[in-house]
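In what follows, a single structure is set out as structure tokens and then discussed.
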Amino acid sequence: MSGSRLMGIGTYRPARLVTNDDLAKRVATSDEWVRSRTGIATRRIADADETIVAMGSMAAEKALAAAGIDPTDLDMVLLATCTNPSQIPGSGPQIAHRLGAVHAGALDINAGCAGFSYALSVASDMVRVGSARHVLVVAAERLSDYTDWDDRTTCILLADGAGAAVVGPAPNQEIGPAVWGHDGGKAGAIRVPGYGDNLFRMEGQTVFRWAITLTPTVRRACELAGVEPAELAAVVPHQANLRIIDVLVSGIGATNAVVARDVVDSGNTSAASIPLAFSRILDGGQLRPGDPVLLFGFGAGLTYCGQVVRCP
Ligand code: UT7
């Protein structure tokens, strides 16, 4: 076995649903504005007990069950998050502890909204070189902890949730090579400044204009995997804005793909958005095991990462 594959995916969506009309009671916005500029109709906001560790663990339990893997068989737990409640400690080891992953290493990865794809790439390479046999990738976010509920330019976007995937060995390579990169010169475009301002700030137009230049990079992920865009069964871009998703998908010519539109119901859940959106398409029954699916994350850093994977 020299390949790696996705063995199972699981998610956790907070129970509480917040509509655009709910937000319009506090800031000067409207359902029409938010839907037409972002595609978002509702988002899930976590309650106090739906922590990063709780949501991440529940998503992970489902992924492990889908993969048929016991937590004691995990060699590594990677948590992608940019909304950990504190600087120290990270939440990855707490998720590993809660799961009973007693033989696993555990760490956090912060690559903003690209975090799931980065962590998946690291997990895949660990399995391929043999430093781990089974790796759990968790992406869990509570953006609501960092939301300025009086800032209409960001509070309408941000949401909470978690997704997880188990990566294990395979005869063939089912997790394609990652394309990744950054524009660290634009780091200030998405930030939680700290030093007295612990809330999410974004230059939305800067990020929008940057994101839609990434089309050639998205196409490159297909080339590296040896898959034509027209052969893709599904495309799962980071769920930030339907307008960005449409530009990226039409730009690469993924003419036959199911396109993830989970942002409509779930808002922007940063690193968790890709596994949440991917899982939703899988649950819809439109994909078969082995179908090629393009994942592509982009956001804070600024940073991006994507790859073509085969459906579990
Ligand atoms: O997940 C990390 C990656 N993040 C992203 O990819 C986000 C990328 N950016 C975006 O999705 C969009 O830039 C936004 C959705 C954030 C904003 O949409 P936009 O079409 O770029 O709007 P804008 O910032 O150009 O604002 C247009 C107008 C402004 O008013 P004026 O200056 O023209 O009078 C804003 O003040 O819309 C106003 N506005 C709003 N109006 C009603 C901004 N937010 C709202 C609002 N409701 N919620």
Side-chain angles (χ1 to χ4, degrees), residues 18-44 80-83 110-118 139-161 163 180-184 186-192 199-215 217-218 235-249 251 260-264 266-277 295-306:
V18 174
T19 66
N20 296 332
D21 287 336
D22 292 334
L23 295 176
K25 289 176 190 152
R26 178 153 177 177
V27 293
T29 191
S30 67
D31 182 53
E32 195 282 328
W33 194 97
V34 180
R35 281 181 196 253
S36 63
R37 297 292 181 116
T38 71
I40 298 170
T42 60
R43 75 280 294 140
R44 304 261 172 180
T81 187
C82 61
T83 54
N110 182 347
C113 307
F116 180 79
S117 277
Y118 270 103
E141 302 278 17
R142 275 179 63 102
L143 285 146
S144 60
D145 284 344
Y146 294 91
T147 300
D148 180 348
W149 295 104
D150 293 316
D151 176 5
R152 68 175 181 173
T153 68
T154 54
C155 75
I156 49 122
L157 305 169
L158 306 177
D160 304 330
W180 55 43
H182 67 87
D183 193 342
K186 293 191 176 70
I190 305 176
R191 64 199 186 283
V192 175
L199 297 176
F200 182 96
R201 309 290 175 198
M202 181 168 69
E203 297 162 22
Q205 280 203 6
T206 303
V207 180
F208 191 104
R209 291 201 188 109
W210 168 78
I212 61 176
T213 66
L214 296 173
T215 306
T217 312
V218 181
V235 181
V236 187
H238 167 49
Q239 302 290 294
N241 187 319
L242 269 194
R243 288 155 60 211
I244 297 174
I245 292 170
D246 288 342
V247 171
L248 293 179
V249 173
R261 290 185 141 66
D262 193 43
V263 68
V264 174
S266 305
N268 181 344
T269 57
S270 192
S273 88
I274 288 179
L276 281 166
L295 315 180
F296 192 79
F298 56 88
L302 300 178
T303 187
Y304 59 83
C305 183

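Bear in mind that the values here come from a model prediction, so they are computed numbers and not experimental data. Atoms within a ligand are numbered from 1 in the order they appear, just like the ligands themselves. The figures that follow rest on heavy atoms only: side chains count, while hydrogens, waters and symmetry mates do not.
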Practice task
Check whether any side-chain heavy atom of Val263 sits under 4.5 Å from a side-chain heavy atom of Thr38, and report yes or no.
Solution key: no
Fill in the blank from the handout: So the atoms of ligand 1 within less than 4.0 Å of a heavy atom of Asn268 turn out to be 1 (O), 2 (C)
Problem - Where ligand 1 meets Gly204 - atom numbers and elements under 4.0 angstrom, heavy-atom basis - result: 8 (C), 9 (N), 13 (O)
Handout entry: side-chain hydrogen bond (donor to acceptor under 3.5 Å, both in side chains) partner of Ser273, the single match among His238, Gln239, Glu141
Key = His238
Practice task
With heavy atoms under 4.0 Å as the rule, classify the contact between Ser270 and ligand 1 as side chain, backbone, both or neither.
Solution key: neither
Exercise for the section: Can you figure out which of Arg37, Arg152, Arg243, Gln205 has its heavy atom closest to atom 21 (O) of ligand 1? Expected result: Gln205
Fill in the blank from the handout: Per-atom filter on ligand 1: closer than 4.0 angstrom to a heavy atom of Met202 are 4 (N), 7 (C)
Handout entry: Interfacing atoms of ligand 1 (cut-off 4.0 Å, heavy-atom, Thr29)
Key = 42 (C), 46 (C), 47 (N), 48 (N)
Exercise for the section: Mark up the atoms of ligand 1 that fall under 4.0 Å of a heavy atom belonging to Thr38, in ascending order. Expected result: 15 (C)
Handout entry: Test item: protein heavy atom less than 4.0 Å from atom 4 (N) of ligand 1
Key = yes
Practice task
Would you mind listing which atoms of ligand 1 come within a distance below 4.0 Å of any non-hydrogen atom of His238?
Solution key: 1 (O), 2 (C)
Handout entry: ligand 1 contact on Trp33 by region, counting heavy-atom pairs under 4.0 Å
Key = side chain
Exercise for the section: Answer with side chain, backbone, both or neither: which part of Thr154 has a heavy atom less than 4.0 angstrom from an atom of ligand 1? Expected result: neither
Practice task
Determine, using heavy atoms of Cys113 and all atoms of ligand 1, whether some pair is separated by less than 4.0 Å.
Solution key: yes
Practice task
Keeping the roles fixed (side chain from Asp246, backbone from Leu248), state whether a donor-acceptor pair exists under 3.5 Å.
Solution key: no
Completion exercise
Atoms of ligand 1 under 4.0 Å from any heavy atom of Ile244, numbered from 1 in the order shown, are 6 (O), 8 (C)
Problem - Contacting atoms of ligand 1, where contact means under 4.0 angstrom from a heavy atom of Phe298 - result: 6 (O)
